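Beneath this line is the structure, given in structure tokens, with notes to follow.
Computed from a predicted model, the values in this text were never measured in an experiment. Computed from heavy atoms alone, side chains included, the values below leave out hydrogens, waters and symmetry copies. Residue numbers begin at 1 in each chain, while the letters A, B, ... track the order of the sequences.
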Amino acid sequence: MNAFVDAIAWILSGVQVPGAPTIPEAFAQQLAYTFGSVVVAAVVAVPLGWLIGHTGRGRDVAVAISGAARAIPSFGLLILLVLVMGVLHKPEAAVITFVVLAIPSLLSGAYSGLEAIDRSTIDAARATGMTEWQILWRVEVPLGLPLLVAGFRAATLQVVATVTIAAYVGLGGLGQYIITGLPLRRIDMVLGGAILVAALALVLDGLFAALQRAVVPRGVRLDRPRRPNPSAAPTENLAPPQREKKTMSTRMTRLAGLGAAVTAAALVLAGCASSNPLAPETGDGTPSSDTIVIGSQAYYSNEIIAEIYAQALEGAGFTVDRQFNIGQRDAYLPEIESGAITLFPEYSGNLLQFFEPDTTARTPDDVYAALQDALPSNLTVLDQSTASDQDSYTVTSAFASQYGLESIADLSKVTVPLVLGGPPELAERPYGPTGLKDTYGVDVTFQPTGDTTVEDLVAGTVNVANVFTADPSIQTQDLVVLDDPEGLFLASNVVPLVNKDVADDIADVINEVSAALTPEGLVALNVQSTVDQKSAAQIATQWLQDNDLS
Amino acid sequence: MSWIADNLGLIAQLSAEHIRQSLIAVVIGFVVSIPLGWVAWRYRLLRGTIVVVTGLLYTIPSLALLILLPTLLGLSAFDEVNLIVALTIYAVALLVRAVVDGLDSVDAEVRLAASAVGYGPARRFWGVDLPLAGPVVLAGLRVATASTIALATVGILVGVSNLGYLFTNGLQRRIIPEVLAGVVAVVLIALVLDLLLVLAGRLLLPWARRRSRTSGRARARLA
């Protein structure tokens, strides 16, 4: 219950992040993407659907295309289009993605609406001397309108819920609260965002339900039995939502309130439940004493280091269980604390800040010492490596030379508005816009750019970017990492986080790896992954051989 | 495109996980939806509630549900059960309506005839209602299968490994063929499973073809 109350409180408090859109603005973005995409999809799909319904030709092709379009993962298509079209065309990429999502429902709404019409009605129209155009416009289209509206309704609901993923590539909308809340462990934000999306979907659904009833031609409405005969609907249609909506439309309005209450109750349940007796903690993956369970972040560079640990340990005779790509710190740390994962490549500064947000340690040695004290009692860190992969504020070299920028403090000399790009959660990090203002007196607008931050910097949609220092694109894109004399960022060296039960067993092997991993070496590993496109396993094997550790 | 050739093993392994996660969700969703759909169809009072509520589940953004489920289920945050439960919920949302519509589509006179020749309620449901509802239920199952397979990719954002890995990893490493391989693999899996469902339908529901050939236009013309 607390989480639900917190979520409502979060919604009511509004968003107080510099540069981030307010909730009404995010609402507007969500609606704009939804309606923009549905309208574009309708321009394509509705005439086509009418043509198919009127002529009765091409139906099988339409069904096949609709079926294939339903199978396209919106999330993957969006990422693919952003990569292919470039970051300057993110909004277009998003609209295309959602258009593809909306087309199947609209197409089948249009043609099934025409198909469901009694043939004798059309024959009668033809017998009275109507032309084909008149039959289409005066008979078929009006009679098919309820099913077409049902198609719009299904398409709109699908799109409005899916627009959430636009935030993953930094396009805003209500999904940004869900995407931002995940790494910040802000359940109130995630739940609040979900409530807002669900509420928007409910309102839209209610409006469409009303519209669906309103568009039934008056003559038909008087004539029709109270319950439409469902067997009149084409049974072989691939798109049940349209037909289903027809039978539920009258109930919809009546039950919208009840439904809203039940959805709210479900969300309340989600917010307050902390455990379920039917699904007890099974101690998933509890390691047998001689198996080392290695985890990695959903970050390609981290996966390479984890794979190096894994191969080094296997070479030394250990049994290894790989649990790679398990998300971000908030998600995997409980697994390490519980002992389900026993070894994890970490970054000293970011890990310390996770346990002690207000820490004052800044240098590698101070951070390392503070980290040892801050860790839970069953965890420890082995030797840290000289390689670091830490947050930085980075600009293009052209921008740096134009304004003579060397340190973050120099940003105050810049005469154009500063736009900071970075992962969405940067907005709430201690070193984010607020820290930049407090430490250096620099005002920025924040623009979440997610995984395309470097491209956004190069393309000029942002002029300051939060880039990890081991990112190969700092070299390949000729970027300048600004000095940080006031210590806004903590040193963040690569450090193995281990369970104390296995620390002594694996220390020799892992410390040798850490000693061999240099800052340049880490960048080189990343280059092999991004430029040479080698797999983590190939890179790790090669690196261990090169360093005589295999 | 050499990335794809070099990583066929990875793609195959992720595809296998993807298929396993999606199929478990669809099968459980199907098994849950039949009794739920029957109850909704049989009892007027519950019908609206069940159909509306399962329909509304669809409005919860999948990513948010995935983030909230571990708290609700008390599971570890990256347990794939979270993904499977979320996918099952969305499958049920689609399938319950398909079952209700399917049962609706059974001719009332056929039902009366079955009772008249001595079918009891249970035998009539399994022997008459459900098989005749089959074609509509199958159509719903096809939509649910395709959308479940597409939706499963979001699991990677909460640490569940499947073909979605190729999207996020490909984006980080800027390897376009990797993302493309993921999209194509998802669509291919969905199409192959769809084909299998159609074939299964032809084998198990031979009357559906006869009926569909005479349905729609032709049936209307006959009438």
Using non-hydrogen atoms only, which part of [X] is less than 4.5 Å away from chain B: side chain, backbone, both, or neither?
X        : answer
A:Ser529 : both
A:Ala298 : backbone
A:Thr452 : both
A:Tyr299 : both
A:Leu77  : backbone
A:Glu303 : side chain

key: Salt bridge present between B:Asp194 and A:Arg70 (N-O < 4.0 angstrom)   =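 The answer is no: the pair does not qualify as a salt bridge.
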key: Test item: side-chain donor near acceptor, B:Glu17 and B:Asn162, under 3.5 Å   =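 Note: B:Glu17 and B:Asn162 side chains miss the donor-acceptor criterion.
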ask   = Looking at A:Ile178 and B:Ala64, what are the two nearest heavy atoms and their distance?
value =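 What the structure gives for the nearest pair is CD1-CB, 3.8 Å.
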Smallest separation among heavy atoms of B:Ser33 and B:Val92, with atom names =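 Looking at all heavy atoms of both residues, the shortest contact is OG-CA, 3.6 Å.
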message = Between A:Asp118 and A:Ser120 (side chain of the first, backbone of the second, donor and acceptor by atom type, cut-off under 3.5 Å), is there such a pair?
response =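 Checked: pair present.
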query = Given side chains that start at C-beta, do those of B:Ile50 and B:Tyr43 come closer than 4.5 Å, heavy atoms only?
reply =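 No; the side chains remain at least 4.5 Å from each other.
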query = Would you say B:Leu193 and B:Ile189 make side-chain contact, with heavy atoms under 4.5 Å?
reply =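 Yes, their side chains come closer than 4.5 Å.
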task = Determine the option with the most heavy-atom pairs under 4.5 angstrom with chain A, choosing from B:Asn169, B:Leu191, B:Leu157.
result =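 Winner by heavy-atom pair count: B:Leu157.
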message = Looking at chain A, which one of B:Ile67, B:Val186, B:Thr153 has the largest number of heavy-atom pairs inside 4.5 Å, strictly under?
response =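 Most heavy-atom pairs under 4.5 Å with chain A: B:Ile67.
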task = Below 4.5 Å from any heavy atom of chain A, which atoms of B:Ser161 appear? Answer side chain, backbone, both or neither.
result =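 Interface part for B:Ser161: neither.
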